[in-house]
Student: 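The following block contains the structure, expressed as structure tokens.
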Amino acid sequence: MLVRMAAPDVDYVLERPRNPEHGDLATNVAMQLAPHLKRKPREIAQELVDAFEFPESFVSNVEIAGPGFINFKFGSHALLDVLVNICELGCDYGRADVGKGKSVNVEFVSANPTGPLHVGHGRGAALGDAVASLLEAMGHDVTREFYVNDAGLQVERLGLSLWARIQQLRGGEAEVPEGGYHGEYLIELAKRVIEHEGSEFADLPQEVGVGRCREIAVEDQRKEQTKDLADFRVKFDCVFSERELYAGDEITASLEALNKRGLTYESDGALWLRTSEWGDTKDRVLRKSDGTFTYFLPDIAYHRNKAGRHFDRAIDVWGADHHGYISRMRAALKGLGLEDSFFDVILVQLVKVMRDGSEVKFSKRTGDFVTLRALFEETGVDAARYFFLTRRGDAQFVFDVDLAKKQSDENPVYYVQYAHTRMAGIFRKAEVDPTQLDLEGADLSLLTEEDERALMKHLGLYPEMLVKAADTLEPYRVTIYLDELARLVNGWYHRHRVIGSPADLERARMILARAAQIVLSNGLNLLGVTAPERM
RNA sequence: GCGCCCUUAGCUCAACUGGAUAGAGUAUCUGACUUCGGAUCAGGCGGUUGGGGGUUCGAAUCCCUCAGGGCGCACCA
């Protein structure tokens, strides 16, 4: 407050120092102030410290260090309160209400309904789901949405491909078309179609048959994808079909809206959108000279539709190969009068798959690829999800199948889960109900060991870590936090006994163990990973 | 050719968005339980943060430049 009055534009931070010798909280305010006041940082720091009085139980020590840092050390109360707080809140510990009243649409995976989901979709699924959960934890009203491109050229080719397979089964000469889908799964589907519809299905007029094939194939693939995702523990609140946009005339309505605002023009027989006026590198075509729309227009209409559904925010998870698309979409939405903050994209780098030490090339067209289902059936859902989330989305990611298949301690998720089962094991062994611990009757000030202090400090950091992860849309922060927490928990567990300590110390440590268990469990659950009692 | 992202220990990644001695895991080496689960713990080895310049009290972080990698740059989806 004083600082603000002296120099309102000074940018200082209050942070948790990396080095424990620098206390629990530190500020660089004196150094930031120095150039403004033209005085030595340490002098300013001393003056600031003298000007304040701190209650002993919350701040036990203040010192000036280095070039002018002011370091605070917490009193016992601040830390011990954290434990009580965690145990009382339970699974609500870490939740906040900063996003209360705001609705967010998180759209992810959105795979074309033309084939099975592959590992790249898995990464998007894990990430999108975790981001959605993070925002929920912040109190947002979150809708998980899946967009189905069921109106374009790709599904047309899908229909043709299935039709060709059916003809082949009947001994016909048909070929899977150029750019069609060659995967085994369509042959299987073709067999089922003949079984269900009878062999005369193949004798339908080409046009009718292909149309039916398209319907059947899309429905079948949607069903498969939904099942894969459900088994991967990802559930969507809303599946949005591209056809709905056409059916509701939203495509033409969007076009008119853009026209009305004077954002379009005709050139070379095509209709262009002036995206370059909003930060794109060039203008983009909405309607080709042959009269058909580019894919850009339905995408605009779709996002306009999201705004129309009164979402305050739309977050898309995209493959990194679409990153060139961001600026034009942002430009289009800006042109429609939407706030910058409405639209965000999380980019996910495509996943490279290594097997037997070499890269597996995969292509949906040729049917040679690693499916998401194959992956999580080998590694387990917990390991696969956690694995995907330990990396930042925009970093390249090599998924070593052989390594992930090893159900060993090389999978980082086991380390965290193991810490949780150990805490659970304490209560199981002591035959104590962890939800019925006596918080008032315990003397927490007995928790004086250095690693107990460190553990409590880290437990107290959980809520602000969540805020940051939600703010930056970066779930990997949670995995890093959990890994660190598990390290502290395992170290503490190894060095100090809970059961068998003097009765009052045992009571206090039970509460610490309970708090650790709660935070481990909350963090894992947030990521869609189980927190097992036993392993 | 232009634009965006990336380059940190042998390998996989951190570093609280400009802070104090750049940290974990893994690999490798050495140690540790007669007890709550050893899927653990403690320690050693390992670094010119891709190179060079700049900005300031202070740079892995910001700016310029060079090198290497990825992805975009369609009247494709």
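Within every chain, numbering begins at 1; the chains are lettered A, B, ... in the order of the sequence lines, protein sequences first and strands thereafter. As a basis for the values below, the full set of heavy atoms in this structure was taken, side chains included, without hydrogen atoms, waters or symmetry mates. Here the structure is a predicted model, which means the values were calculated and not measured.
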Student: Of all the nucleotides listed (B:G19, B:U17, B:C36), which has the minimum atom distance to the side chain of A:Arg477?
Tutor: B:U17
Student: Just to be sure I understand the rule, does A:Arg487 reach a base, reach only the sugar-phosphate, or reach nothing, if contact means heavy atoms closer than 4.0 Å?
Tutor: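 Answer is sugar-phosphate: A:Arg487 comes under 4.0 Å of backbone atoms only.
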Student: Is B:C2 paired to anything, Watson-Crick or G-U wobble with both distances less than 3.5 Å, and if yes, which nucleotide?
Tutor: B:G72
Student: Taking atom types as they are modelled, is there a donor-acceptor pair under 3.5 Å from the base of B:A39 to the side chain of A:Asn490?
Tutor: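 Such a pair does not exist between side chain and base.
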Student: Quick one: label A:Gly425 by what it contacts on the DNA or RNA (base, sugar-phosphate, nothing), any heavy atom closer than 4.0 Å.
Tutor: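 Sugar-phosphate, backbone atoms only, no base.
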Student: On the 0 to 90° scale, with breaks at 30° and 60°, tag the A:Tyr302-A:Tyr147 ring pair as parallel, tilted or perpendicular.
Tutor: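 Because their plane-to-plane angle is under 30°, the rings of A:Tyr302 and A:Tyr147 count as parallel.
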Student: Any base atoms under 4.0 Å from A:Thr294, or only sugar-phosphate, or nothing? Heavy atoms, all strands.
Tutor: sugar-phosphate
Student: Kindly point out which of B:C36, B:A20, B:A14 is positioned nearest to the side chain of A:Ile480?
Tutor: B:A14
Student: Using a heavy-atom cut-off of 4.0 Å across all strands, would you classify A:Ser327 as base, sugar-phosphate, or nothing?
Tutor: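 No contact at all - A:Ser327 keeps every heavy atom at 4.0 Å or more from the nucleic acid.
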Student: For A:Asp299 and B:A77, give me the distance from atom CG to atom P, rounded to whole Å.
Tutor: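 So the CG-P distance, A:Asp299 to B:A77, works out to 10 Å.
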Student: A:Asn149 near the nucleic acid: base, sugar-phosphate alone, or nothing, with a heavy-atom cut-off under 4.0 Å?
Tutor: nothing
Student: If you look at every strand shown and take non-hydrogen atoms under 4.0 Å, does A:Ala270 touch a base, only sugar-phosphate, or nothing?
Tutor: base
Student: Can you say whether a donor on the side chain of A:His323 sits under 3.5 Å from an acceptor on the base of B:C5, or the other way round?
Tutor: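 Answer no: no donor N or O sits under 3.5 Å from an acceptor.
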Student: List the steps and the verdict of salt bridge (Lys or Arg N to Asp or Glu O under 4.0 Å) for A:Glu156 and A:Arg214.
Tutor: CA-CA 6 Å; A:Glu156 188 60 33; A:Arg214 194 181 57 219; 2.7 Å; yes
Student: Quantified in whole Å, what is the C1' atom distance between nucleotide B:A15 and nucleotide B:G23?
Tutor: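 One C1' to the other, the span is 7 Å.
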Student: Once you round to the nearest 0.5 Å, how far does CZ of A:Arg330 lie from CG of A:Asp280?
Tutor: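 Between atom CZ of A:Arg330 and atom CG of A:Asp280 there are 11.5 Å.
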Student: Can you say whether the rings of A:Trp318 and A:His303 are parallel (under 30°), tilted (30 to 60°) or perpendicular (over 60°)?
Tutor: perpendicular
Student: Any idea which of B:C16, B:U40, B:A14 is nearest the A:Lys468 side chain?
Tutor: B:C16
Student: If you look at every strand shown and take non-hydrogen atoms under 4.0 Å, does A:Ala26 touch a base, only sugar-phosphate, or nothing?
Tutor: base
Student: Measure CZ/A:Phe387 against C1'/B:G25 and give the value in whole Å, please.
Tutor: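 It is 12 Å, rounded to the nearest whole Å.
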Student: What distance, rounded to whole Å, do you find between the two C1' atoms, one in B:U7 and one in B:A22?
Tutor: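 These two C1' atoms come out 16 Å apart once rounded.
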Student: Rounding to an integer number of angstrom, what distance separates B:U48 and B:G58 when you compare their P atoms?
Tutor: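 Roughly 23 Å separates the two P atoms.
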Student: Checking contacts here: which listed nucleotide (B:C75, B:G25, B:C71) is nearest the side-chain heavy atoms of A:Asp321?
Tutor: B:C71
Student: Taking any heavy-atom pair under 4.0 Å as a contact, classify A:Asn71: base, sugar-phosphate, or nothing.
Tutor: base
Student: How far, in whole Å, is B:U12 from B:A27 if one measures between their P atoms?
Tutor: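 So the two P atoms sit 15 Å from each other.
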Student: Under 30°, 30 to 60°, or over 60°: which ring-plane class applies to A:Tyr325 and A:Phe296, parallel, tilted or perpendicular?
Tutor: perpendicular
Student: Does A:Ile499 reach a base, just sugar-phosphate, or nothing at all? Heavy atoms under 4.0 Å.
Tutor: base
Student: How would you label the contact of A:Met535 with the nucleic acid (heavy atoms, under 4.0 Å): base, sugar-phosphate, or nothing?
Tutor: base
Student: Using atom CD of A:Gln417 as one end and atom P of B:U40 as the other, report the distance to the nearest whole Å.
Tutor: 13 Å
Student: Nearest to the side chain of A:Val285, heavy atoms from C-beta on, is which of B:U40, B:C13, B:C75?
Tutor: B:C75
Student: Do A:Tyr481 and A:Tyr462 have ring centres separated by under 6.0 Å?
Tutor: yes
Student: State whether the distance check finds a donor on one side and an acceptor on the other, under 3.5 Å, for side chain A:Arg422 versus base B:U35.
Tutor: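 It does not, because no donor-acceptor pair links the side chain of A:Arg422 to the base of B:U35 below 3.5 Å.
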Student: State which of B:A20, B:A15, B:C75 makes the closest approach to the side chain of A:Tyr476.
Tutor: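 Nearest to the side chain of A:Tyr476 among the choices is B:A15.
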Student: Quickly work out the A:Glu464 CD to B:U17 C1' distance and round it to whole Å.
Tutor: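 From A:Glu464 CD to B:U17 C1': 15 Å.
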Student: What interatomic distance, in whole Å, is found between P of B:C16 and the corresponding atom of B:A59?
Tutor: 15 Å
Student: In Watson-Crick or G-U wobble terms, both distances under 3.5 Å, what is the partner of B:A22?
Tutor: none
Student: How far does the P atom of B:G10 sit from the matching atom of B:G47, given to the nearest Å?
Tutor: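 Looking at atom P only, B:G10 and B:G47 are 6 Å apart.
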Student: So which nucleotide does B:U35 pair with, by the Watson-Crick or G-U wobble rule with both distances under 3.5 Å?
Tutor: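 Result: none.
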Student: In terms of side-chain heavy atoms of A:Arg495, which of B:C36, B:A42, B:U17 is nearest?
Tutor: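 Looking only at heavy atoms from C-beta outward on A:Arg495, the closest nucleotide is B:A42.
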Student: By nearest atom, which of the nucleotides B:C36, B:U40, B:A77 is closest to the A:Tyr415 side chain?
Tutor: B:U40
Student: Could you let me know what B:A9 is paired to, Watson-Crick or G-U wobble, both distances under 3.5 Å, or none if it's on its own?
Tutor: none
Student: For A:His420, which contact category applies under a 4.0 Å heavy-atom criterion: base, sugar-phosphate, or nothing?
Tutor: nothing
Student: Check for a donor-acceptor pair, side chain of A:Asp433 on one end and backbone N or O of A:Thr435 on the other, with a separation under 3.5 Å.
Tutor: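 Yes; judged by distance alone, with no hydrogens or angles, the pair exists.
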Student: Paired with B:A42 by Watson-Crick or G-U wobble geometry, both distances under 3.5 Å: which nucleotide is it?
Tutor: B:U30
Student: As a test of reading the structure: which of B:G37, B:A20, B:A77 is closest to the side chain of A:Asn112, going by heavy atoms?
Tutor: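 Nucleotide nearest to A:Asn112's side chain: B:A77.
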Student: For B:C33 and B:A14, measure between their P atoms and round to the nearest Å.
Tutor: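 Per the computed distance, 37 Å lies between those P atoms.
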Student: Taking the basic N atoms (NZ, or NE/NH1/NH2) and the acidic carboxylate oxygens, is any pair closer than 4.0 Å for A:Arg495 and A:Asp451?
Tutor: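 Yes, charged N to carboxylate O under 4.0 Å.
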